[in-house]
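Below is one structure; the comments refer to it alone.
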Protein chains: 2
Amino acid sequence: MIILSKLADYGVIIATHLAENPDRQVTAVALAAETRLPQATVAKVLKALSHGGVVIAARGASGGYKLARRAQAISVAEVVSAIDGAIGVTECTVHTPSCERTDFCPTRPHWQRINRAVGAALQSVTLADMVMPAFSFPHASETAAERIAP
Amino acid sequence: MIILSKLADYGVIIATHLAENPDRQVTAVALAAETRLPQATVAKVLKALSHGGVVIAARGASGGYKLARRAQAISVAEVVSAIDGAIGVTECTVHTPSCERTDFCPTRPHWQRINRAVGAALQSVTLADMVMPAFSFPHASETAAERIAP
DNA sequence: CTCAATTCGGACCGGGTTAGTACCGATTAG
DNA sequence: CTAATCGGTACTAACCCGGTCCGAATTGAG
Ligand code: FES
Ligand code: FES
């Protein structure tokens, strides 16, 4: 299964590209060309990102987009949330109070725990991290979240 | 955004319910009744689980399903994989070698890192954990995955 | 000052995947 | 043999994704 929607994936790619040369006003079409993504879709994603406060848009001629904050201050979680809405593992964990199985279903709190874990994983990575080249990461075995809880 | 598909969610609910009374042969319709899930869908999910080796099915009269192993030995990741296929965050991380942006897109290794983190989060929780009542968890701040990497 | 060019903003639509259903054949206990 | 139950496939409906369209705002030239 794929976790992120294509749109959200595009969003991260675009935001990362913006983070590569900050403070530069880039138009949607230029971004599309530079990332080799379909132009119309890039425009759509940028709208969502603008709506979510990740980028700020300048309209009119010589307009364009740029990051709303420093790259270090924008997490991947924020980007995907701006596009796909709140992050949740199950239906149950997001539309909080409306599950008919709540009384006899023991999974709820455990899901919320997992939910927090993936949320934290997405939140701990910023756009500044994303632009960094593949770097000597710690051993894969220490990727945290393996010990999600004692 | 919702990460798990509805079917996968159902799968975990069903598997958890099976884990509650192990070694008991339960038919699909009984499971559907006890979990208040649509009966036809439960049957479908059980087929997938059986195919994935999570449950074993007994055919014929007085047949039914039960867990293939002890609940401690079955992870949530396994259950969702049986239904939704391999877990991957982005298109790019699962269909490994076929991305036209590979050469100039710096996000790839970072995604794989996040990917491992959520995979680990799902793998670290077993069905035995799921049936345990909401228990005094450690402080939410220590949910690991917050330190996905130094 | 006016106007045209440029760019973002929001609404709309079609295709594809997923959820859910239904049926029929295979298998086994009694 | 018969009833019950799983296994597989085919089918329909709904929804979401991805893409396209036209209108609003702003700029810069004439
Ligand atoms: S599915 Fe809603 S409480 Fe378990
Ligand atoms: S999207 Fe495939 S390498 Fe970045």
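The shown structure was predicted, so the numbers you read here are calculated from the model rather than taken from an experiment. Chain naming here is simple, since letters A, B, ... match the order of the sequence lines and numbering starts at 1 in each.
Taken to the nearest 0.5 Å, the CZ atom of A:Arg108 stands 4.5 Å off from the OG1 atom of A:Thr102. Distance check: A:Arg101 CZ to A:Thr107 OG1 gives 9.0 Å after rounding to the nearest 0.5 Å. Rounded to the nearest 0.5 Å, atoms CD1 (B:Ile14) and CG (B:Leu18) are 8.0 Å apart.
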Step by step, would you call A:Leu122 with A:Val118 a side chain to side chain contact (heavy atoms under 4.5 Å, CB included)?
CA-CA 6 Å; A:Leu122 259 53; A:Val118 315; 5.5 Å; no
Test side chain to side chain contact (heavy atoms under 4.5 Å, CB included) applied to B:Val26 and B:Lys66, step by step
CA-CA 7 Å; B:Val26 194; B:Lys66 65 179 182 184; over 6 Å; no
Take A:Ile83 and A:Tyr10 through the side chain to side chain contact (heavy atoms under 4.5 Å, CB included) test and state the conclusion after the steps.
CA-CA 10 Å; A:Ile83 297 175; A:Tyr10 291 169; over 6 Å; no
In sequence, state the C-alpha distance, the side-chain angles, and the governing distance for A:Trp111 and B:Val12, and then conclude on side chain to side chain contact (heavy atoms under 4.5 Å, CB included).
CA-CA 10 Å; A:Trp111 276 129; B:Val12 177; 3.5 Å; yes
Show me the donor-acceptor pairs within less than 3.5 Å that the side chains of residues 72-81 of chain A make with the rest of the protein, sequence neighbours left out.
residue	atom	partner	partner atom	Å
A:Gln72	OE1	A:Arg70	NH2	3.0
A:Ser75	OG	A:Glu78	N	3.2
A:Glu78	OE2	A:Arg69	NH1	3.2
A:Glu78	OE2	A:Arg69	NH2	2.5
A:Ser81	OG	A:Ala77	O	2.8

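Protein chain B contacts DNA chain D over a range whose 5' and 3' limits, counting nucleotides with an atom under 4.0 angstrom from a non-hydrogen atom, are D:dA4 to D:dT9. Interface limits on DNA chain C: the 5'-most and 3'-most nucleotides within less than 4.0 Å of chain B heavy atoms are C:dA19 to C:dA29.
With sequence neighbours excluded, the residues forming a side chain to side chain donor-acceptor pair (under 3.5 Å) with B:Asp84 are B:Ser5, listed by chain and number. In this structure, the side chain to side chain contact (heavy atoms under 4.5 Å, CB included) partners of B:Ala71, at least two apart in sequence or on a different chain, are B:Ala19, B:Leu67, B:Leu127, B:Ala128. A search for side chain to side chain donor-acceptor pair (under 3.5 Å) contacts involving A:Gln25 returns nothing, not counting sequence neighbours. Under the salt bridge (charged side-chain N to carboxylate O under 4.0 Å, His left out) criterion, B:Glu34 pairs with B:Arg24, sequence neighbours left out. Listed by chain and residue number, nothing satisfies the side chain to side chain donor-acceptor pair (under 3.5 Å) test with B:Ser50 (two or more places apart in sequence, or in another chain).
For residues 35-63 of chain B, the set of pairs meeting the salt bridge (charged side-chain N to carboxylate O under 4.0 Å, His left out) definition, not counting sequence neighbours, is empty.
Using a 4.0 Å cutoff on non-hydrogen atoms, the parts of residues 45-63 of chain B near DNA chain D are B:Lys47, B:Ser50, B:Ala57, B:Ala58, B:Arg59, B:Gly60, B:Ala61, B:Ser62, B:Gly63, ordered by number. Using a 4.0 Å cutoff on non-hydrogen atoms, the parts of residues 5-36 of chain A near DNA chain C are A:Thr27, A:Ala28, ordered by number. Interface residues of residues 74-89 of chain A facing DNA chain C, ordered by number: none; criterion, heavy-atom separation under 4.0 Å.
Along DNA chain D, the nucleotide closest to B:Lys44 and the one closest to A:Pro38 are compared, and the more 5′ of them pairs with B:Lys44.
Looking only at distances, no side-chain donor or acceptor of A:His17 sits under 3.5 Å from a matching main-chain atom of A:Leu31.
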